[in-house]
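Protein chains get the first letters and strands the later ones, always in sequence-line order, with residue 1 at the start of each. Heavy atoms only: backbone and side chains are in, while hydrogens, waters and symmetry mates are out.
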Number of protein chains: 2
Amino acid sequence: MEYEQLKLENQLCFPVYAASRLITREYQPFLDRLEITYPQYLVLMVLWETNGLTVNDIARKLLLNTNTITPLLKRMEQQALITRERSKKDERKVLVKLTSKGRDLQEQAAQIPEALEKRLLDSQLEIDDLVKLKERLNDVIEFLSK
Amino acid sequence: MEYEQLKLENQLCFPVYAASRLITREYQPFLDRLEITYPQYLVLMVLWETNGLTVNDIARKLLLNTNTITPLLKRMEQQALITRERSKKDERKVLVKLTSKGRDLQEQAAQIPEALEKRLLDSQLEIDDLVKLKERLNDVIEFLSK
DNA sequence: AAGTTTTTTATCGCAGGCGATTATTTCATT
DNA sequence: AATGAAATAATCGCCTGCGATAAAAAACTT
């Protein structure tokens, strides 16, 4: 092996990529029960915090492009989780709001983060490690999202 | 806000998910030059380390399903990066090998990890933070991939 | 006011990523 | 040898995720 730096485990990219998919997989059974996908869950979290955002607002918060968000929101509208309507003040903007169904999911979703945290603490990882991990990742995001 | 734990920044999932996409985006210009995608780059890294693996071997190393890998490998075969052939000894298995084109890309790829590391060190993050981050993520992967 | 630029959302096409299922081969058991 | 189980890869369908582009509205410039 001539190029040591090209090994999977010696790069940051692969651990982040793999961990992301594994963590999402852990969410699956919980999200299945709510009949939503992981990105839909992210959209709901954003709207639970602030109901009534534009497509751009949501995209910015999730660091996604609007061409990912738009079809996602359309599917969520079809499932009656949200409504989409053009702003009267600025016809370019589309306002996204929770329906009562979307709002009501928050209560059931509230247990998910705790369940996941509990699950991760079954490893040798301490709560402190997880907090630091989160902080470092947020540093990376802060830096790269400029 | 009644459910503090449902905020994006208070969960591990979102930072990992967002960081993964942002880091992949940083790879883009380098990978564009080699005319490969990020998952293709991962497959190549695995094969550069051990040429001649089965579909399953590759899937296991990348923690991906074979139904993701199979079409990916087909595209790589079309680009003449790899060859795929049924094993004579066990007709169930398909052996994946680098072509000379695929092999030759290693030299050009060797600079990518360094460039990325350099880029990340432009942030307030220290090399030590990145190493620890990687280690923690590998702990998470180790635990969740069982 | 007219023309230009910017903002905002949507459309299109393509490559993952994965759950469910299938087809084939090999292994294990009787 | 015959049968059932396990392993391996592939197929299908759906939902992201994103680059490139377009369409419409608003903001800006002259």
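For residues 63-85 of chain A, the salt bridge (charged side-chain N to carboxylate O under 4.0 Å, His left out) pairs, not counting sequence neighbours, are A:Glu77-A:Arg84, A:Glu85-A:Lys97.
Note: CG (A:Leu42) to C1' (D:dT16) measures 12 Å, nearest angstrom. Distance CD1 (A:Ile36) to C1' (D:dT16): 15 Å, rounded to an integer number of Å. Distance, B:Glu85 CD to D:dA9 C1': 15 Å, rounded to whole Å. Distance A:Tyr27 OH to C:dC18 C1': 19 Å, rounded to the nearest Å. Atom pair A:Gln28:CD and C:dC18:C1' shows a separation of 9 Å (rounding to whole Å applied). In this structure, B:Lys89 places its NZ atom 14 Å from P of D:dT8, rounding to the nearest Å. Distance, A:Leu31 CG to C:dG19 P: 12 Å, rounded to whole Å. Summarising the geometry, the separation between CD on A:Glu91 and C1' on D:dA27 is reported as 16 Å, rounded to the nearest angstrom.
For the ring pair (Phe, Tyr, Trp, His ring centres under 6.0 Å) criterion with B:Tyr17, the lone passing option out of A:Tyr17, A:Tyr27, A:Tyr38, A:Tyr41 is A:Tyr38.
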Do nucleotides 3-16 of chain C as a string where each nucleotide becomes B, S or -: B if the base has a protein heavy atom under 4.0 Å, S if just the sugar-phosphate does, - if no protein is that close.
----BSBSB---SS
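No contact: A:Ile69 has no heavy atom under 4.0 Å from any strand. A:Arg21 comes within 4.0 angstrom of sugar-phosphate atoms only, judged by non-hydrogen atoms across all strands, and of no base.
Checking B:Ser87 against B:Asp90 by side-chain atom types alone, no donor-acceptor pair falls below 3.5 Å. Counted by atom type alone, A:Asn138 and A:Glu142 present zero donor-acceptor pairs between their side chains at under 3.5 Å.
The residues B:Lys132 and B:Asp128 are annotated as salt-bridged, a charged nitrogen and a carboxylate oxygen being separated by less than 4.0 angstrom.
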Could you walk me through whether A:Leu133 and B:Leu133 pass the side-chain contact (heavy atoms from CB on, under 4.5 Å) check?
CA-CA 6 Å; A:Leu133 176 53; B:Leu133 176 53; 3.2 Å; yes
